[in-house]
Peer 1: 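Dumping the structure here so I can ask a few things about it.
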Amino acid sequence: MFSTPFVLSFALFLSLPLLFLLAPHFLPPNNQIPIPAADEIDDQALFARAVRSKSSFTHFSLDSKTKPKIAFLFLTNTDIHFAPLWQRFFSKTAPNLFNIYVHADPSINITIPPGVFRDRFIASKRTYRASPTLISATRRMLATAILDDPANTFFAVLSQHCVPLHSFRYVYRSLFASPTFDKSRLPTDSDAQLTRMGVNVRYRSFIEILSKSNNLWKRYAARGRFTMMPEVPFDKFRVGSQFFMLTRHHALVVLKDRQLWKKFKLPCYREDECYPEEHYFPTLLSMADPDGCTHYTLTRVNWTGTKNGHPYTYRPGEVSAKLIYQLRQSNYSDSYLFARKFSPDCLKPLLGLSEKILIGKVFLERRK
């Protein structure tokens, strides 16, 4: 007969596959840092104030005294490398048409740029890549912008690696006045009449919402096979870019949410499939108001040759007028408005293109 030590060793050997199979269900996730309770309490208080605040008008007339504004929300954990380019973008724009808000990771020593970015840094908390902290940071900026100015109508989430592809005038009129900019929505006769009066009949959020992806199930089950139930069944789970343009209505939907947040803030067991900032917003808005969203983003990104979840990064030698024109091309709208990802040393060639090509008037007037 077999000895007792041999039997124990053999049983242990046979149990190893079962251990690897069940381990994710009872072992803590690796490198998953939970959101501190104090941060969560502060955020919920901030969101509640924003939800209770006086809401903006549903529509604004472009000829009225109070004009709708675009809130530009910069989420960064480094210096804003393209601040001089953004300074040119905003330099010839009336200040009553936009606001800027920056959420900068407080653990990083970031240089505050002069000009339009001065005094625009909000109270921020630590962020980590591919974690719920990026959701919290985005919600924090939305709440701050809601409270700061009732005229903030669109909320554009950007990163330090984003650059504008057009002038501010082009961006503004595309969002608020153009009846044809959004190709996914066919304008009616009444829409055209309202547009001639300077009013967009109904604003929609420009957010990418995808229901089909090769690894969608793996992303859904990253916290465990049944963890997202019953709030988020698999057929309701969506994925999309974390850089989007929300309407004020949808910004408030995001701030009001509690049910989906309690699921998406949970740590993941599969870090290679865990990108909650790319899942939470598309899933929430797809479930809350799918017709109020375009299902595409206005920020162009190149996923060719992606590595570790990072998109392709353009280098100075690639920056040209031809590249800018290519990045503008869209099947869903008249044009993309922003693009990423550019290395910091692209600033000089981008500034060289800014006056005539990037944010100048030549292309704009030809299109309009």
Side-chain angles (χ1 to χ4, degrees), residues 16-47 75-77 103-108 123-143 157 159 208-210 213-244 254-288 306-311:
L16 285 177
L18 184 62
L19 179 64
F20 281 110
L21 179 65
L22 297 178
H25 297 281
F26 57 83
L27 294 178
N30 294 325
N31 301 322
Q32 289 287 316
I33 301 176
I35 296 176
D39 289 359
E40 181 80 356
I41 293 172
D42 288 345
D43 284 345
Q44 293 304 328
L46 173 65
F47 302 160
L75 179 60
T76 184
N77 60 359
H103 186 290
D105 189 319
S107 67
I108 308 296
S124 304
K125 301 183 186 299
R126 188 77 184 269
T127 57
Y128 301 89
R129 180 176 179 264
S131 80
T133 60
L134 295 177
I135 300 175
S136 295
T138 301
R139 297 176 87 196
R140 215 170 283 134
M141 287 193 292
L142 291 171
V157 181
S159 79
E208 186 176 51
I209 300 176
L210 303 176
S213 173
N214 292 333
N215 59 349
L216 194 63
W217 169 252
K218 291 182 179 179
R219 290 192 174 207
Y220 176 78
R223 297 168 184 81
R225 186 179 181 90
F226 303 108
T227 302
M228 303 300 287
M229 292 292 289
E231 288 83 358
V232 186
F234 177 62
D235 64 341
K236 299 294 184 181
F237 185 74
R238 298 292 184 267
V239 64
S241 171
Q242 71 180 104
F243 302 104
F244 43 72
V254 168
L255 297 179
K256 291 176 182 177
D257 173 60
R258 296 291 183 273
Q259 281 197 324
L260 267 63
W261 168 241
K262 72 181 182 181
K263 292 293 187 178
F264 282 97
K265 73 177 181 179
L266 295 174
C268 295
Y269 297 100
R270 292 184 58 93
E271 295 179 18
D272 57 330
E273 303 293 350
C274 189
Y275 299 96
E277 72 280 12
E278 296 180 358
H279 307 153
Y280 173 73
F281 298 101
T283 301
L284 172 62
L285 294 180
S286 176
M287 293 176 67
T306 178
K307 295 181 179 180
N308 299 322
H310 291 287

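We use all heavy atoms of the structure for the numbers below, so side chains are in, but hydrogens, waters and symmetry mates are not.
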Peer 1: Side-chain contact test, heavy atoms from C-beta onward, threshold under 4.5 Å: evaluate it for V254 versus K256 and give yes or no.
Peer 2: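 Answer no - side chains too far apart.
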Peer 1: For the residue pair V232 and F264, establish whether any side-chain heavy-atom pair is separated by less than 4.5 Å.
Peer 2: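 Yes. Closest side-chain heavy atoms under 4.5 Å.
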Peer 1: Considering residues, nucleotides and ligands other than K263, do more than 12 of their heavy atoms fall under 6.0 Å from its NZ?
Peer 2: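 Correct, the count exceeds 12.
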Peer 1: Check the side chains of R238 and T283 for a donor-acceptor pair under 3.5 angstrom, ignoring hydrogens and angles.
Peer 2: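 T283 vs R238: no donor-acceptor pair found between side chains.
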Peer 1: Using a distance-only test with no angle check, is there a side-chain donor-acceptor pair under 3.5 angstrom linking D257 and Y280?
Peer 2: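 A donor-acceptor contact under 3.5 Å links the two side chains.
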Peer 1: Can you name the nearest heavy-atom pair linking A130 to C274, along with the distance?
Peer 2: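 For A130 and C274, the tightest heavy-atom pair comes out as CB-O, 3.3 Å.
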Peer 1: Between E40 and K265, is there a side-chain N and carboxylate O pair less than 4.0 Å apart?
Peer 2: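 Salt bridge present between E40 and K265.
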Peer 1: Can you see which heavy atom on A143 is nearest to which on L46, and at what distance?
Peer 2: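 So the minimum-distance heavy-atom pair works out to CB-CG, 3.7 Å.
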Peer 1: Is the closest side-chain heavy-atom distance between P276 and I135 below 4.5 Å?
Peer 2: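 Side chain of P276 against side chain of I135, heavy atoms only: contact under 4.5 Å found.
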Peer 1: Over 60° means perpendicular and under 30° means parallel, so classify the ring planes of F234 and F237, tilted if in between.
Peer 2: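 Parallel.
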Peer 1: Could you state the interatomic distance from OH (Y275) to OG (S241), rounded to the nearest 0.5 Å?
Peer 2: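 Here the interatomic distance stands at 13.5 Å.
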Peer 1: When you compare the side chain of S213 with that of K218, does any pair of heavy atoms fall below 4.5 Å?
Peer 2: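 Answer no - side chains too far apart.
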Peer 1: Return the CD to OH distance between E277 and Y128, rounded to the nearest 0.5 Å.
Peer 2: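 Here the rounded value is 15.0 Å.
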Peer 1: Of the non-hydrogen atoms in Y269 and G224, which two are nearest, and what is the gap between them?
Peer 2: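 Distance-wise, the nearest heavy atoms are CD1-N, 4.2 Å.
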Peer 1: Apply side-chain hydrogen bond (donor to acceptor under 3.5 Å, both in side chains) to S286 and list each qualifying residue two or more places apart in sequence or on a separate chain.
Peer 2: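 Listed in chain order: nothing, the list is empty.
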Peer 1: Which pair of heavy atoms, one from P106 and one from S124, lies closest together, and at what distance?
Peer 2: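 Smallest heavy-atom distance, with atoms named: CG-O, 3.8 Å.
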Peer 1: Let me confirm one number: the OG-NZ distance from S107 to K125, rounded to the nearest 0.5 Å.
Peer 2: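 Result: 13.0 Å between the selected atoms.
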Peer 1: For the CG atom of D235 and the CG atom of L216, what is their distance to the nearest 0.5 Å?
Peer 2: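 If we round to the nearest 0.5 Å, D235:CG and L216:CG are 10.5 Å apart.
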Peer 1: Minimum heavy-atom separation for R223 to P267, with atom names?
Peer 2: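 The answer is CG-O, 3.4 Å.
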Peer 1: Examine distances only and state if a side-chain atom of D105 and a backbone atom of T127 form a donor-acceptor pair shorter than 3.5 Å.
Peer 2: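 Yes; judged by distance alone, with no hydrogens or angles, the pair exists.
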Peer 1: My understanding is that only residues two or more places apart in sequence, or in another chain, count here; which of them pass side-chain hydrogen bond (donor to acceptor under 3.5 Å, both in side chains) with E278?
Peer 2: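 Testing E278 for side-chain hydrogen bond (donor to acceptor under 3.5 Å, both in side chains), a comparison that skips the adjacent residues, returns R219.
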Peer 1: Any side chain to side chain donor-acceptor pair (under 3.5 Å) pairs touching residues 132-143, not counting sequence neighbours?
Peer 2: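 Passing the test, one end in residues 132-143: D43-R140, H103-R140, S131-T133.
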Peer 1: Please walk me through it: do F47 and L142 pass side-chain contact (heavy atoms from CB on, under 4.5 Å)?
Peer 2: CA-CA 9 Å; F47 302 160; L142 291 171; over 6 Å; no
Peer 1: Going through the checks in order, is the side-chain contact (heavy atoms from CB on, under 4.5 Å) test met by R129 and N77?
Peer 2: CA-CA 10 Å; R129 180 176 179 264; N77 60 359; over 6 Å; no
Peer 1: If you take all heavy atoms of E231 and L260, which pair is closest and at what distance?
Peer 2: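 So the two residues come closest at O-CD1, 4.4 Å.
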Peer 1: State the CH2-CG distance between W261 and L266, to the nearest 0.5 angstrom.
Peer 2: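 One gets 9.5 Å once the value is rounded to the nearest 0.5 Å.
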Peer 1: Is there a side-chain contact between M228 and Y220 in this structure, where contact means two heavy atoms from C-beta onward sitting under 4.5 Å apart?
Peer 2: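 They are in side-chain contact.
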